[in-house]
Amino acid sequence: SSCIRHRPFGMTSLLRRLASPLRQSGTQVGTRYNFWNTTPKHLSETSEQKALFSTKDTDIRFGTGFSQADTLAEGITDVLSEALGQLRGAPPHLCQVMVSSSYPNSHLAPLFVQELLTAFGPAPHVIGGVVPGCIGGDQHSFKPKNTSISLILASLPGVDFMPFAVKSSSLPDLGEENWMSLVNPCARFKGQSLATIVLAMPEFVDEVEPFLFRLHTALPQNKLIGGIVGRSREDISSEDNIRPGIRGGLFLGTDTYLEGAVGLMMRGDFELDTLSMQACRRVGPVMKVTDVDDDTVLELDQQPALDKLQQVHSSLPRQDRTLPWKVGILESTSSEHKNMLCRNFEADHMQSGFSVSGGDLRVGSGVQMVLYDRRWSRRELRDGLKKYVLQEGETPATPDDALEGFTTQKVAPAEAETATGKQPSNTGAMVYTWINGSRTEAPSFSAAIPQVPLQGGFMQAAIGPLEQGGPSYLHMYGSSFGVFRAKARDINAEALEDGVKVTTDTCENGRDLIADNCSQLAASE
(Lines give C-alpha, C1' and ligand atoms only; values in the text may rest on other atoms or scores of the structure.)
Protein backbone atom coordinates (compact mmCIF):
# COMPACT_ATOMS: atom_id res chain seq x y z
CA SER A 1 0.00 0.00 0.00
CA SER A 2 1.19 3.54 -0.75
CA CYS A 3 -0.37 4.91 2.43
CA ILE A 4 -0.42 3.47 5.93
CA ARG A 5 -3.45 4.71 7.85
CA HIS A 6 -2.90 4.45 11.57
CA ARG A 7 -5.72 3.47 13.87
CA PRO A 8 -5.77 5.70 16.95
CA PHE A 9 -4.51 3.92 20.04
CA GLY A 10 -6.71 5.87 22.45
CA MET A 11 -5.03 8.16 24.93
CA THR A 12 -4.73 5.67 27.77
CA SER A 13 -2.88 3.11 25.65
CA LEU A 14 -0.75 5.76 23.94
CA LEU A 15 0.31 7.48 27.13
CA ARG A 16 1.33 4.14 28.59
CA ARG A 17 3.51 3.53 25.53
CA LEU A 18 5.13 6.93 25.80
CA ALA A 19 5.53 6.94 29.56
CA SER A 20 6.81 3.38 29.88
CA PRO A 21 10.47 3.93 28.89
CA LEU A 22 10.62 7.05 31.06
CA ARG A 23 9.06 5.35 34.06
CA GLN A 24 11.75 2.67 33.89
CA SER A 25 14.43 5.34 34.19
CA GLY A 26 12.54 7.14 36.97
CA THR A 27 11.92 10.21 34.81
CA GLN A 28 8.73 12.23 35.21
CA VAL A 29 7.11 12.85 31.84
CA GLY A 30 6.52 16.49 30.95
CA THR A 31 7.57 17.85 34.33
CA ARG A 32 8.65 21.22 32.93
CA TYR A 33 5.26 22.28 31.62
CA ASN A 34 3.10 19.42 32.92
CA PHE A 35 1.32 19.06 29.58
CA TRP A 36 0.45 15.48 30.39
CA ASN A 37 0.59 13.21 33.43
CA THR A 38 2.21 9.78 33.59
CA THR A 39 -1.04 8.50 35.13
CA PRO A 40 -3.64 8.52 32.33
CA LYS A 41 -6.68 8.64 34.64
CA HIS A 42 -5.60 12.07 35.88
CA LEU A 43 -5.30 13.45 32.35
CA SER A 44 -8.63 15.30 32.36
CA GLU A 45 -8.40 16.31 36.01
CA THR A 46 -5.23 18.42 35.96
CA SER A 47 -6.05 22.13 36.14
CA GLU A 48 -2.78 23.08 34.46
CA GLN A 49 -3.70 20.86 31.52
CA LYS A 50 -7.20 22.33 31.27
CA ALA A 51 -5.79 25.85 31.19
CA LEU A 52 -3.00 25.06 28.73
CA PHE A 53 -4.88 26.23 25.62
CA SER A 54 -7.32 28.58 27.35
CA THR A 55 -5.68 31.76 26.03
CA LYS A 56 -7.71 34.29 24.06
CA ASP A 57 -4.59 35.65 22.38
CA THR A 58 -5.09 36.37 18.67
CA ASP A 59 -1.42 36.77 17.72
CA ILE A 60 0.68 34.35 15.69
CA ARG A 61 3.11 32.33 17.81
CA PHE A 62 5.75 29.69 17.19
CA GLY A 63 7.64 27.16 19.26
CA THR A 64 10.24 24.54 18.33
CA GLY A 65 11.78 21.50 19.93
CA PHE A 66 14.82 19.34 19.20
CA SER A 67 15.85 16.06 20.79
CA GLN A 68 18.38 13.30 20.28
CA ALA A 69 16.68 10.88 22.67
CA ASP A 70 17.32 7.18 22.22
CA THR A 71 13.63 6.33 21.75
CA LEU A 72 10.90 7.98 19.76
CA ALA A 73 8.75 8.22 22.90
CA GLU A 74 11.37 10.20 24.78
CA GLY A 75 12.05 12.37 21.74
CA ILE A 76 8.39 13.32 21.31
CA THR A 77 8.16 14.04 25.03
CA ASP A 78 11.13 16.40 24.80
CA VAL A 79 10.12 18.30 21.67
CA LEU A 80 6.48 18.76 22.65
CA SER A 81 7.45 20.01 26.11
CA GLU A 82 9.86 22.52 24.61
CA ALA A 83 7.58 23.72 21.81
CA LEU A 84 4.42 23.98 23.89
CA GLY A 85 6.29 25.93 26.53
CA GLN A 86 7.29 28.54 23.95
CA LEU A 87 3.68 28.92 22.75
CA ARG A 88 2.72 29.96 26.29
CA GLY A 89 -0.90 28.89 26.06
CA ALA A 90 -1.58 29.64 22.39
CA PRO A 91 -3.33 26.69 20.69
CA PRO A 92 -1.23 25.00 17.96
CA HIS A 93 -2.81 24.88 14.51
CA LEU A 94 0.18 23.67 12.47
CA CYS A 95 2.84 21.12 13.32
CA GLN A 96 5.78 20.12 11.15
CA VAL A 97 7.74 17.16 12.48
CA MET A 98 10.96 15.66 11.12
CA VAL A 99 12.19 12.29 12.41
CA SER A 100 15.52 10.65 11.65
CA SER A 101 15.46 7.29 9.91
CA SER A 102 17.41 5.79 12.83
CA TYR A 103 14.20 5.26 14.80
CA PRO A 104 12.72 1.83 13.93
CA ASN A 105 9.17 3.13 14.53
CA SER A 106 9.63 6.57 13.02
CA HIS A 107 6.38 6.27 11.03
CA LEU A 108 4.38 6.52 14.27
CA ALA A 109 5.60 10.05 15.08
CA PRO A 110 2.66 11.99 13.55
CA LEU A 111 0.15 9.70 15.22
CA PHE A 112 1.77 10.18 18.62
CA VAL A 113 1.90 13.97 18.20
CA GLN A 114 -1.72 14.30 17.07
CA GLU A 115 -3.10 11.97 19.73
CA LEU A 116 -1.25 13.77 22.50
CA LEU A 117 -2.27 17.25 21.41
CA THR A 118 -5.88 16.16 20.81
CA ALA A 119 -6.18 15.61 24.56
CA PHE A 120 -6.11 19.38 25.05
CA GLY A 121 -8.11 20.62 22.09
CA PRO A 122 -8.52 20.21 18.32
CA ALA A 123 -5.57 18.41 16.74
CA PRO A 124 -3.22 20.60 14.67
CA HIS A 125 -2.54 19.89 11.01
CA VAL A 126 0.56 17.68 10.92
CA ILE A 127 3.02 17.45 8.02
CA GLY A 128 6.57 16.10 7.91
CA GLY A 129 8.65 13.09 7.05
CA VAL A 130 11.52 10.73 7.77
CA VAL A 131 14.86 12.38 6.99
CA PRO A 132 18.58 11.59 7.43
CA GLY A 133 18.98 14.39 9.98
CA CYS A 134 16.96 17.04 11.79
CA ILE A 135 17.37 20.75 12.50
CA GLY A 136 15.86 22.50 15.50
CA GLY A 137 16.83 25.89 16.92
CA ASP A 138 20.59 26.27 16.64
CA GLN A 139 21.13 22.50 16.77
CA HIS A 140 21.22 19.77 14.16
CA SER A 141 22.06 16.10 13.92
CA PHE A 142 23.37 14.35 10.85
CA LYS A 143 24.96 10.98 11.43
CA PRO A 144 23.51 7.74 10.05
CA LYS A 145 23.25 6.01 13.44
CA ASN A 146 22.23 9.06 15.49
CA THR A 147 18.60 9.43 16.43
CA SER A 148 17.00 12.87 16.31
CA ILE A 149 13.61 14.51 16.09
CA SER A 150 12.61 18.13 15.56
CA LEU A 151 9.22 19.81 15.62
CA ILE A 152 7.70 23.24 15.15
CA LEU A 153 4.28 24.25 16.44
CA ALA A 154 2.56 27.31 15.03
CA SER A 155 -0.47 29.09 16.42
CA LEU A 156 -2.08 30.72 13.39
CA PRO A 157 -5.52 32.06 14.40
CA GLY A 158 -7.96 32.45 11.54
CA VAL A 159 -5.77 30.61 9.00
CA ASP A 160 -7.48 28.05 6.73
CA PHE A 161 -5.63 24.78 6.08
CA MET A 162 -6.06 22.55 3.03
CA PRO A 163 -4.04 19.29 3.22
CA PHE A 164 -3.51 17.10 0.16
CA ALA A 165 -1.63 14.07 -1.13
CA VAL A 166 -0.78 13.43 -4.80
CA LYS A 167 0.70 10.59 -6.85
CA SER A 168 1.20 12.59 -10.05
CA SER A 169 1.96 16.14 -11.14
CA SER A 170 -1.74 16.93 -11.58
CA LEU A 171 -3.28 19.65 -9.43
CA PRO A 172 -4.29 18.38 -5.98
CA ASP A 173 -7.87 17.65 -4.98
CA LEU A 174 -8.73 20.43 -2.54
CA GLY A 175 -12.47 20.22 -3.06
CA GLU A 176 -14.56 22.30 -5.45
CA GLU A 177 -15.47 24.92 -2.86
CA ASN A 178 -11.84 25.51 -1.88
CA TRP A 179 -10.67 25.77 -5.47
CA MET A 180 -13.43 28.25 -6.29
CA SER A 181 -12.48 30.46 -3.34
CA LEU A 182 -8.78 30.25 -4.27
CA VAL A 183 -9.15 31.06 -7.96
CA ASN A 184 -11.91 33.66 -7.51
CA PRO A 185 -11.57 34.91 -3.95
CA CYS A 186 -14.45 36.88 -2.51
CA ALA A 187 -14.02 40.03 -0.43
CA ARG A 188 -13.56 37.93 2.68
CA PHE A 189 -10.23 36.61 1.42
CA LYS A 190 -8.89 39.82 -0.11
CA GLY A 191 -5.44 40.72 1.20
CA GLN A 192 -4.81 37.30 2.73
CA SER A 193 -1.60 35.41 2.08
CA LEU A 194 -1.42 31.99 0.43
CA ALA A 195 1.41 29.54 1.08
CA THR A 196 2.02 25.82 0.64
CA ILE A 197 4.45 23.35 2.20
CA VAL A 198 5.26 20.48 -0.20
CA LEU A 199 7.24 17.36 0.77
CA ALA A 200 7.93 14.56 -1.71
CA MET A 201 9.46 11.10 -1.90
CA PRO A 202 12.68 10.64 -3.96
CA GLU A 203 10.87 8.63 -6.64
CA PHE A 204 8.67 11.68 -7.28
CA VAL A 205 11.62 13.88 -8.28
CA ASP A 206 10.75 14.02 -12.00
CA GLU A 207 7.19 15.10 -11.18
CA VAL A 208 8.08 17.86 -8.70
CA GLU A 209 8.75 20.74 -11.08
CA PRO A 210 5.74 20.00 -13.35
CA PHE A 211 3.63 19.91 -10.18
CA LEU A 212 5.08 23.20 -8.91
CA PHE A 213 4.55 24.78 -12.33
CA ARG A 214 0.87 23.80 -12.39
CA LEU A 215 0.32 25.08 -8.86
CA HIS A 216 2.01 28.40 -9.66
CA THR A 217 0.07 28.78 -12.91
CA ALA A 218 -3.24 28.17 -11.16
CA LEU A 219 -2.35 30.29 -8.11
CA PRO A 220 0.40 32.81 -8.97
CA GLN A 221 0.21 34.38 -5.50
CA ASN A 222 0.94 31.04 -3.83
CA LYS A 223 4.38 30.78 -2.17
CA LEU A 224 5.79 27.25 -2.07
CA ILE A 225 8.53 25.79 0.12
CA GLY A 226 9.54 22.25 1.02
CA GLY A 227 11.83 19.48 -0.11
CA ILE A 228 12.40 15.86 -1.06
CA VAL A 229 12.90 13.61 1.94
CA GLY A 230 16.04 11.53 2.23
CA ARG A 231 14.77 7.97 2.34
CA SER A 232 12.93 6.15 -0.42
CA ARG A 233 10.44 3.31 -0.61
CA GLU A 234 13.26 1.02 -1.73
CA ASP A 235 14.49 1.09 1.89
CA ILE A 236 11.45 -1.00 2.80
CA SER A 237 12.29 -4.53 1.75
CA SER A 238 9.11 -6.43 2.58
CA GLU A 239 5.68 -6.30 4.17
CA ASP A 240 7.22 -7.81 7.30
CA ASN A 241 9.47 -4.79 7.61
CA ILE A 242 6.50 -2.44 7.32
CA ARG A 243 4.86 -3.84 10.43
CA PRO A 244 7.60 -3.13 13.02
CA GLY A 245 8.63 0.22 11.59
CA ILE A 246 8.85 2.35 8.48
CA ARG A 247 12.25 3.88 7.82
CA GLY A 248 11.01 6.18 5.09
CA GLY A 249 7.85 8.10 4.39
CA LEU A 250 5.86 11.33 4.41
CA PHE A 251 3.55 12.47 7.20
CA LEU A 252 0.14 14.04 6.70
CA GLY A 253 -2.29 14.05 9.58
CA THR A 254 -1.82 10.68 11.25
CA ASP A 255 -1.01 8.84 8.01
CA THR A 256 2.34 7.82 6.50
CA TYR A 257 2.69 7.94 2.70
CA LEU A 258 5.28 5.85 0.87
CA GLU A 259 5.06 7.51 -2.55
CA GLY A 260 4.16 10.74 -4.26
CA ALA A 261 4.00 14.01 -2.36
CA VAL A 262 2.03 15.57 0.46
CA GLY A 263 1.23 19.22 1.01
CA LEU A 264 -0.46 21.69 3.28
CA MET A 265 -1.90 24.85 1.76
CA MET A 266 -2.51 27.79 4.12
CA ARG A 267 -4.54 30.94 3.61
CA GLY A 268 -4.86 33.74 6.13
CA ASP A 269 -3.41 36.85 7.76
CA PHE A 270 0.31 36.06 7.87
CA GLU A 271 3.41 36.83 5.87
CA LEU A 272 5.81 34.28 4.40
CA ASP A 273 9.28 35.31 3.22
CA THR A 274 10.95 32.67 1.06
CA LEU A 275 14.73 32.49 0.68
CA SER A 276 16.89 30.14 -1.37
CA MET A 277 20.65 29.81 -0.94
CA GLN A 278 22.85 28.07 -3.49
CA ALA A 279 25.73 25.77 -2.57
CA CYS A 280 27.44 25.93 -5.97
CA ARG A 281 29.68 28.68 -7.33
CA ARG A 282 29.41 29.81 -10.94
CA VAL A 283 32.55 29.61 -13.12
CA GLY A 284 33.30 30.08 -16.79
CA PRO A 285 31.14 31.66 -19.48
CA VAL A 286 27.40 31.32 -19.99
CA MET A 287 26.87 28.96 -22.94
CA LYS A 288 23.86 28.80 -25.23
CA VAL A 289 22.08 25.54 -26.02
CA THR A 290 22.06 25.34 -29.82
CA ASP A 291 20.85 21.75 -30.40
CA VAL A 292 18.87 19.19 -28.40
CA ASP A 293 17.48 15.72 -29.00
CA ASP A 294 14.61 15.03 -26.58
CA ASP A 295 16.26 15.43 -23.15
CA THR A 296 19.84 15.33 -24.43
CA VAL A 297 21.81 18.52 -25.06
CA LEU A 298 23.89 17.95 -28.19
CA GLU A 299 25.47 21.36 -28.76
CA LEU A 300 26.59 24.34 -26.70
CA ASP A 301 27.58 27.45 -28.66
CA GLN A 302 27.41 25.28 -31.81
CA GLN A 303 30.08 22.91 -30.48
CA PRO A 304 29.63 19.32 -29.22
CA ALA A 305 28.22 19.77 -25.72
CA LEU A 306 30.59 17.43 -23.86
CA ASP A 307 33.63 18.86 -25.64
CA LYS A 308 32.55 22.39 -24.70
CA LEU A 309 32.14 21.46 -21.03
CA GLN A 310 35.53 19.76 -20.96
CA GLN A 311 37.09 22.80 -22.59
CA VAL A 312 35.66 25.11 -19.89
CA HIS A 313 36.73 22.75 -17.11
CA SER A 314 40.28 22.54 -18.43
CA SER A 315 40.55 26.33 -18.42
CA LEU A 316 39.78 26.61 -14.70
CA PRO A 317 42.46 27.23 -12.06
CA ARG A 318 44.01 24.10 -10.64
CA GLN A 319 42.28 24.37 -7.25
CA ASP A 320 38.88 24.69 -8.94
CA ARG A 321 39.43 21.59 -11.06
CA THR A 322 39.57 19.49 -7.87
CA LEU A 323 36.00 20.47 -6.88
CA PRO A 324 32.87 18.54 -7.94
CA TRP A 325 31.31 20.20 -10.97
CA LYS A 326 27.71 20.38 -12.11
CA VAL A 327 25.73 22.46 -14.59
CA GLY A 328 23.63 25.53 -13.87
CA ILE A 329 20.53 26.31 -15.91
CA LEU A 330 19.40 29.81 -16.93
CA GLU A 331 16.30 30.74 -18.91
CA SER A 332 18.51 32.34 -21.55
CA THR A 333 22.06 33.50 -22.13
CA SER A 334 20.92 37.09 -21.45
CA SER A 335 19.66 36.25 -17.94
CA GLU A 336 21.28 38.44 -15.34
CA HIS A 337 19.85 36.65 -12.30
CA LYS A 338 22.38 35.81 -9.63
CA ASN A 339 20.71 32.47 -8.88
CA MET A 340 20.32 29.55 -11.22
CA LEU A 341 19.13 25.97 -11.00
CA CYS A 342 22.04 23.62 -10.26
CA ARG A 343 21.69 20.12 -11.64
CA ASN A 344 23.55 16.85 -11.96
CA PHE A 345 24.24 15.84 -15.53
CA GLU A 346 24.74 12.49 -17.19
CA ALA A 347 27.11 12.23 -20.14
CA ASP A 348 25.99 10.61 -23.37
CA HIS A 349 29.29 9.75 -25.03
CA MET A 350 27.57 8.19 -28.04
CA GLN A 351 26.18 11.58 -29.02
CA SER A 352 28.84 13.75 -27.31
CA GLY A 353 26.03 15.30 -25.30
CA PHE A 354 24.53 15.22 -21.82
CA SER A 355 21.19 15.22 -20.04
CA VAL A 356 20.31 16.90 -16.75
CA SER A 357 18.23 15.47 -13.93
CA GLY A 358 15.03 17.32 -13.16
CA GLY A 359 15.67 19.97 -15.80
CA ASP A 360 14.14 20.98 -19.13
CA LEU A 361 16.72 22.41 -21.51
CA ARG A 362 15.58 23.91 -24.79
CA VAL A 363 17.35 25.60 -27.67
CA GLY A 364 18.20 29.09 -26.46
CA SER A 365 18.53 28.13 -22.79
CA GLY A 366 21.65 29.22 -20.96
CA VAL A 367 24.08 26.77 -19.32
CA GLN A 368 27.00 27.59 -17.05
CA MET A 369 29.41 25.36 -15.17
CA VAL A 370 29.08 25.42 -11.37
CA LEU A 371 31.33 24.01 -8.66
CA TYR A 372 30.32 22.71 -5.27
CA ASP A 373 32.51 24.76 -2.95
CA ARG A 374 31.69 24.21 0.74
CA ARG A 375 33.66 27.22 1.98
CA TRP A 376 32.01 29.49 -0.56
CA SER A 377 28.54 28.10 0.26
CA ARG A 378 29.00 28.93 3.95
CA ARG A 379 29.79 32.54 3.12
CA GLU A 380 26.90 32.69 0.66
CA LEU A 381 24.53 31.41 3.35
CA ARG A 382 25.65 33.99 5.91
CA ASP A 383 25.61 36.83 3.39
CA GLY A 384 22.15 35.86 2.15
CA LEU A 385 20.71 35.87 5.66
CA LYS A 386 22.42 39.15 6.47
CA LYS A 387 21.06 40.74 3.31
CA TYR A 388 17.57 39.54 4.16
CA VAL A 389 17.46 40.96 7.67
CA LEU A 390 19.11 44.27 6.76
CA GLN A 391 16.94 44.82 3.68
CA GLU A 392 19.98 46.10 1.80
CA GLY A 393 21.43 45.41 -1.60
CA GLU A 394 24.47 43.28 -2.36
CA THR A 395 26.81 42.67 0.55
CA PRO A 396 30.36 41.40 0.30
CA ALA A 397 31.41 38.03 1.71
CA THR A 398 32.14 38.11 5.41
CA PRO A 399 34.52 36.14 7.61
CA ASP A 400 33.24 33.23 9.68
CA ASP A 401 32.61 35.31 12.79
CA ALA A 402 31.12 38.31 11.00
CA LEU A 403 27.58 37.64 12.19
CA GLU A 404 28.42 37.06 15.84
CA GLY A 405 26.18 39.24 17.94
CA PHE A 406 24.31 40.31 14.83
CA THR A 407 20.75 41.50 15.52
CA THR A 408 17.97 41.86 13.00
CA GLN A 409 16.00 44.83 11.83
CA LYS A 410 13.48 43.16 9.53
CA VAL A 411 12.56 40.33 11.88
CA ALA A 412 12.49 41.47 15.48
CA PRO A 413 13.95 38.87 17.86
CA ALA A 414 11.80 37.57 20.66
CA GLU A 415 12.60 38.86 24.11
CA ALA A 416 15.33 37.27 26.16
CA GLU A 417 14.72 34.03 28.01
CA THR A 418 13.43 34.19 31.54
CA ALA A 419 13.53 31.77 34.39
CA THR A 420 10.27 30.26 33.15
CA GLY A 421 11.53 29.56 29.64
CA LYS A 422 11.56 31.31 26.27
CA GLN A 423 9.23 34.19 25.54
CA PRO A 424 6.68 33.57 22.77
CA SER A 425 7.77 34.55 19.26
CA ASN A 426 5.50 35.88 16.52
CA THR A 427 8.03 34.82 13.91
CA GLY A 428 9.01 31.25 13.03
CA ALA A 429 11.10 29.66 10.29
CA MET A 430 11.40 26.36 8.45
CA VAL A 431 14.46 25.17 6.55
CA TYR A 432 14.95 22.43 3.96
CA THR A 433 18.57 21.87 3.06
CA TRP A 434 20.65 19.60 0.84
CA ILE A 435 22.01 16.49 2.60
CA ASN A 436 25.66 17.10 1.69
CA GLY A 437 25.70 20.87 2.08
CA SER A 438 27.68 23.01 4.51
CA ARG A 439 25.48 21.98 7.47
CA THR A 440 25.81 25.43 9.01
CA GLU A 441 22.19 26.46 8.41
CA ALA A 442 21.14 26.27 12.05
CA PRO A 443 24.01 28.27 13.63
CA SER A 444 24.06 30.78 10.75
CA PHE A 445 20.33 31.43 11.05
CA SER A 446 20.49 31.70 14.83
CA ALA A 447 23.36 34.18 14.56
CA ALA A 448 21.51 36.31 12.01
CA ILE A 449 18.03 36.10 13.53
CA PRO A 450 18.41 35.31 17.24
CA GLN A 451 15.51 33.92 19.25
CA VAL A 452 13.39 33.16 16.16
CA PRO A 453 12.39 29.46 16.26
CA LEU A 454 13.87 27.43 13.36
CA GLN A 455 13.00 23.87 12.39
CA GLY A 456 13.57 21.61 9.42
CA GLY A 457 15.63 18.76 8.06
CA PHE A 458 18.26 17.56 5.63
CA MET A 459 16.81 16.64 2.25
CA GLN A 460 17.68 15.14 -1.10
CA ALA A 461 16.66 18.50 -2.58
CA ALA A 462 14.95 21.70 -1.49
CA ILE A 463 11.95 23.51 -2.96
CA GLY A 464 12.00 27.29 -3.10
CA PRO A 465 12.08 30.31 -5.42
CA LEU A 466 15.06 31.65 -7.31
CA GLU A 467 14.05 35.14 -6.28
CA GLN A 468 11.87 36.50 -3.48
CA GLY A 469 8.23 36.29 -4.53
CA GLY A 470 8.92 34.29 -7.71
CA PRO A 471 7.83 30.76 -8.63
CA SER A 472 9.47 27.85 -6.81
CA TYR A 473 11.77 25.25 -8.28
CA LEU A 474 13.73 22.20 -7.22
CA HIS A 475 17.15 23.05 -5.75
CA MET A 476 19.38 20.00 -5.71
CA TYR A 477 22.32 21.89 -4.20
CA GLY A 478 21.21 24.47 -1.69
CA SER A 479 18.81 25.45 1.07
CA SER A 480 15.35 26.97 1.20
CA PHE A 481 14.04 28.97 4.16
CA GLY A 482 10.47 29.97 4.86
CA VAL A 483 10.08 32.72 7.46
CA PHE A 484 6.52 33.05 8.76
CA ARG A 485 5.62 36.25 10.56
CA ALA A 486 2.65 38.33 11.60
CA LYS A 487 1.05 40.36 8.85
CA ALA A 488 1.99 44.04 8.99
CA ARG A 489 -0.79 46.29 10.16
CA ASP A 490 -1.23 49.93 11.15
CA ILE A 491 -0.92 50.29 14.90
CA ASN A 492 -1.45 53.30 17.16
CA ALA A 493 0.74 52.88 20.21
CA GLU A 494 0.38 54.54 23.56
CA ALA A 495 3.21 54.24 26.08
CA LEU A 496 2.23 53.79 29.72
CA GLU A 497 4.47 54.10 32.77
CA ASP A 498 3.86 50.53 33.87
CA GLY A 499 4.04 48.95 30.44
CA VAL A 500 3.14 49.45 26.82
CA LYS A 501 -0.40 48.95 25.65
CA VAL A 502 -0.94 48.72 21.92
CA THR A 503 -4.35 48.97 20.34
CA THR A 504 -5.75 49.47 16.88
CA ASP A 505 -8.90 50.89 15.44
CA THR A 506 -11.84 48.54 15.53
CA CYS A 507 -11.42 45.85 12.87
CA GLU A 508 -14.13 44.21 10.76
CA ASN A 509 -15.32 41.86 13.47
CA GLY A 510 -15.66 44.73 15.91
CA ARG A 511 -12.93 43.63 18.31
CA ASP A 512 -9.82 45.52 19.27
CA LEU A 513 -6.44 43.92 18.59
CA ILE A 514 -4.22 43.68 21.64
CA ALA A 515 -0.47 43.60 21.11
CA ASP A 516 2.11 41.18 22.49
CA ASN A 517 2.99 43.23 25.55
CA CYS A 518 -0.46 42.94 27.06
CA SER A 519 -0.76 39.22 26.39
CA GLN A 520 2.69 38.59 27.81
CA LEU A 521 1.83 40.50 30.99
CA ALA A 522 -1.37 38.48 31.36
CA ALA A 523 0.45 35.20 30.74
CA SER A 524 3.06 35.97 33.38
CA GLU A 525 0.51 36.66 36.12
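Start at 1 with the first residue, then count along the sequence.
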d(E209 CD, I463 CD1) to nearest 0.5 Å is 9.0 Å
Partner residues of [X] under the side chain to side chain contact (heavy atoms under 4.5 Å, CB included) criterion, sequence neighbours left out:
X: S479; answer: T433, E441, F481
X: A461; answer: I228, L474, M476
X: V99; answer: L72, V97, Y103, S106, A109, I149, F251

**Atom CD of Q221: over 12 foreign heavy atoms under 6.0 Å** = yes
- Query: Just wondering, more than 12 heavy atoms not from D173 lying within 6.0 Å of its CG?
  - Reply: no
**Asked** Just by distance, with hydrogens left out, do N222 and T196 show a side-chain donor and acceptor under 3.5 Å apart?
**Response** yes
V363 and V292 have their tightest heavy-atom pair at CG2-CG2, 4.1 Å
When every non-hydrogen atom of F211 is compared with those of S168, the smallest separation belongs to CD1-O, 4.2 Å
Can you tell me if [X] uses its side chain to pair, donor with acceptor, with the backbone of [Y] under 3.5 Å?
X: S155; Y: A90; result: no
X: T296; Y: S355; result: no
X: S150; Y: I135; result: yes

Taking the inter-plane angle between the rings of F484 and F270 on a 0 to 90° scale, is it parallel (under 30°), tilted (30 to 60°) or perpendicular (over 60°)?
tilted
| request: Anything under 30° is parallel, anything over 60° is perpendicular, the rest tilted; go ahead and classify F161 against H125. | output: parallel
Sequence neighbours excluded, the answer for salt bridge (Lys or Arg N to Asp or Glu O under 4.0 Å) partners of D160 is R267
Those residues at least two apart in sequence (or on a different chain) that pass side-chain hydrogen bond (donor to acceptor under 3.5 Å, both in side chains) with S67 are D78
S169 meets the side-chain hydrogen bond (donor to acceptor under 3.5 Å, both in side chains) criterion, sequence neighbours left out, with E207, R214
